[in-house]
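The model shown is predicted, which means the values in this text are computed figures rather than measured ones. Only this structure's heavy atoms are used, side chains among them; waters, hydrogens and symmetry mates stay out. Here is how names work: the chains are called A, B, and so on, in the same order as the sequence lines, proteins then strands, and each is numbered from 1.
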Protein chains: 2
Amino acid sequence: MMGIEILSVLKKNNLSITGSRKKILELFQHTDGALAHADIEKKSGEHFDRVTIYRTLQTFVEKGILHTIPTADNSVLYALCKDDCSQGHHHDNHVHFICDNCNTAYCLDNTDYAKPQLPKGFKQTRTDVIVSGICIKCN
Amino acid sequence: MMGIEILSVLKKNNLSITGSRKKILELFQHTDGALAHADIEKKSGEHFDRVTIYRTLQTFVEKGILHTIPTADNSVLYALCKDDCSQGHHHDNHVHFICDNCNTAYCLDNTDYAKPQLPKGFKQTRTDVIVSGICIKCN
DNA sequence: TAATTTTTGCAACATAATTGCAATTATTTA
DNA sequence: TAAATAATTGCAATTATGTTGCAAAAATTA
């Protein structure tokens with residue numbers, strides 16, 4: 001059942017179905033938050049080459065399957081795009097919480113907030129809200 | 001005239017007045033947006049050791065003279081803190097605009113926005129809002 | 001100006017990320 | 001289905017990024 005979704009995501013994006021892609025997508029589907037490259041290296045029981053992981057992540061970002069999350073400590077985090085993220089419609093509203101202690105990233109996409117108003121001449125295509133602090137587990 | 005400000009900033013923060021500190025502060029004062037480590041290495045005509053630049057930036061961040069900006073492509077950006085940033089009062093509320101086209105980062109610190117409400121058990125220490133889009137120059 | 005403190009630069013190290021290319025694997029098509 | 005084609009992977013090498021310890025140099029203090 002999960003498998004079907006993964007395959008259709010890959011096919012929809014004209015990507016060959018390979019072990020690393022399936023495994024990495026699966027990881028994200030089973031993860032509530034976001035993952036860093038290092039997490040993926042550890043969590044994927046099979047050990048794919050680092051380069052393969054880099055390239056897979058990059059491909060997924062290009063296809064709109066994953067997006068990167070800006071972080072205050074500038075580590076690279078990846079998260080699944082919701083739904084038809086590839087259409088670009090849902091790309092403009094991201095709220096994430098990143099724990100200063102355990103570094104876990106939580107998606108808070110359902111959280112409401114008011115977008116800041118921009119000066120004239122600036123056009124917004126996407127807004128990320130990054131809340132740093134201490135998460136419920138580390139409290 | 002610029003020189004005086006720089007010296008007073010350093011003195012106010014109990015920092016020795018050195019070539020690299022003066023030069024790097026000067027760079028930021030002459031820059032509208034934000035700078036990455038690499039920019040600074042290039043733009044400072046004199047070539048300071050990489051380590052010195054790292055340490056200088058780190059010191060400035062600790063003292064509240066500069067702050068970092070999270071970016072989606074995870075390059076580390078630094079920008080001058082406005083006014084009394086060193087008091088810490090303005091540290092937990094950053095709004096930045098990063099142009100998709102020219103990559104310039106703008107501080108929009110005076111922009112108002114509502115902080116998202118967090119689930120119970122989460123404590124916020126800092127919130128960053130990153131607006132991506134097209135800036136006034138690229139419009 | 002001498003003594004003290006702070007900062008710098010070098011060297012070494014550690015980690016993160018990228019590139020080219022040959023070997024492998026997946027897909028296509030005949 | 002098997003051969004031909006196309007896409008992807010893994011390896012090796014390279015480059016970029018960031019950190020640490022320590023001795024030399026510079027700045028500050030007395």
Side-chain angles (χ1 to χ4, degrees), chain A residues 3-4 6-27 34-63 65-78 98 103 105, chain B residues 3-4 6-27 34-63 65-78 103:
Chain A
I4 290 169
I6 287 176
L7 296 190
S8 73
V9 166
L10 291 176
K11 278 182 185 162
K12 208 183 297 177
N13 286 284
N14 283 317
L15 294 173
S16 296
I17 294 165
T18 68
S20 64
R21 286 179 182 161
K22 278 190 290 185
K23 185 70 188 178
I24 291 177
L25 266 191
E26 207 179 293
L27 267 181
L35 296 171
H37 175 98
D39 298 325
I40 295 163
E41 257 185 298
K42 283 174 218 148
K43 289 195 178 181
S44 74
E46 309 141 65
H47 40 311
F48 304 107
D49 193 275
R50 288 170 47 75
V51 178
T52 300
I53 297 177
Y54 279 119
R55 289 198 268 227
T56 302
L57 291 172
Q58 185 183 309
T59 301
F60 285 171
V61 170
E62 278 162 9
K63 295 290 188 177
I65 299 167
L66 297 179
H67 66 269
T68 58
I69 303 175
T71 67
D73 73 342
N74 291 99
S75 59
V76 190
L77 288 180
Y78 299 86
I98 300 176
N103 241 50
Chain B
I4 291 169
I6 287 176
L7 296 190
S8 74
V9 165
L10 291 176
K11 278 181 184 160
K12 208 184 299 177
N13 286 284
N14 283 318
L15 295 173
S16 296
I17 294 164
T18 68
S20 65
R21 286 180 182 159
K22 279 190 289 184
K23 185 69 188 179
I24 290 177
L25 266 192
E26 206 180 294
L27 267 181
L35 296 171
H37 175 99
D39 297 326
I40 295 162
E41 257 185 296
K42 282 174 217 147
K43 289 195 180 182
S44 75
E46 308 141 66
H47 42 309
F48 303 108
D49 193 274
R50 289 167 42 74
V51 178
T52 300
I53 297 177
Y54 278 119
R55 289 197 270 227
T56 302
L57 292 172
Q58 186 183 307
T59 301
F60 285 171
V61 170
E62 278 162 10
K63 296 289 187 177
I65 299 167
L66 296 179
H67 63 269
T68 58
I69 304 175
T71 65
D73 73 343
N74 293 100
S75 56
V76 189
L77 290 181
Y78 299 86
N103 239 51

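Summary for the helix from C/dT1-D/dA30 to C/dA30-D/dT1: the axes at its two ends, each from 5 pairs, differ by 40° when rounded to the nearest 10 degrees.
Distance, B/Gln58 CD to D/dT19 C1': 9 Å, rounded to whole Å. Look at OH on B/Tyr54: it is 14 Å from P on C/dA16, rounded to the nearest Å. Across the protein-nucleic acid pair, B/Leu10 atom CG and D/dA26 atom P stand 18 Å apart, rounded to whole Å. Here C/dA16 presents its P atom at 18 Å from CG of B/Asp73, a figure rounded to the nearest Å. A straight line from CD of A/Glu41 to P of C/dA16 spans 8 Å, rounded to a whole angstrom. One can place CD1 of B/Ile24 at 12 Å from C1' of C/dT8, the figure rounded to the nearest angstrom. For the pair B/Asn13 CG and C/dT6 P, the interatomic distance rounds to 15 Å; values are reported in whole Å.
The side-chain heavy atoms of B/Ile17 and B/Lys11, taken from C-beta on, include a pair separated by under 4.5 Å. Using a 4.5 Å cut-off on side-chain heavy atoms (C-beta onward), B/His37 and B/Val76 make no contact.
The minimum heavy-atom distance linking A/Ser44 with A/Leu27 is given by the pair N-CD1, 4.0 Å. Considering every non-hydrogen atom in both B/Ala34 and B/Ile69, the closest pair reads CB-CD1, 3.7 Å.
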| For B/Val9 and B/Lys63, what are the C-alpha separation, side-chain angles and deciding distance, and is it a side-chain contact (heavy atoms from CB on, under 4.5 Å)? | CA-CA 10 Å; B/Val9 165; B/Lys63 296 289 187 177; over 6 Å; no
| request: Start with the C-alpha distance between A/Phe60 and A/Ile24, add both sets of side-chain angles, then the distance that settles side-chain contact (heavy atoms from CB on, under 4.5 Å), and finish with yes or no. | output: CA-CA 10 Å; A/Phe60 285 171; A/Ile24 291 177; 4.2 Å; yes
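Remark: A/Thr18 pairs with A/Ser16, A/Ser20, A/Arg21 by the side-chain contact (heavy atoms from CB on, under 4.5 Å) rule, at least two apart or across chains.
If you check distances only, the side chain of B/Arg50 does reach the base of D/dG18 with a donor-acceptor pair under 3.5 Å.
Atom CG of B/Leu15 sits about 6.5 Å away from atom OG1 of B/Thr59, to the nearest 0.5 Å. The structure places OH of A/Tyr78 at 5.0 Å from CG of A/Leu57, a figure rounded to the nearest 0.5 Å.
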| nucleotides 4-16 of chain D: protein proximity per nucleotide (B base, S sugar-phosphate only, - neither; heavy atom, under 4.0 Å) | ---SSBBBB----
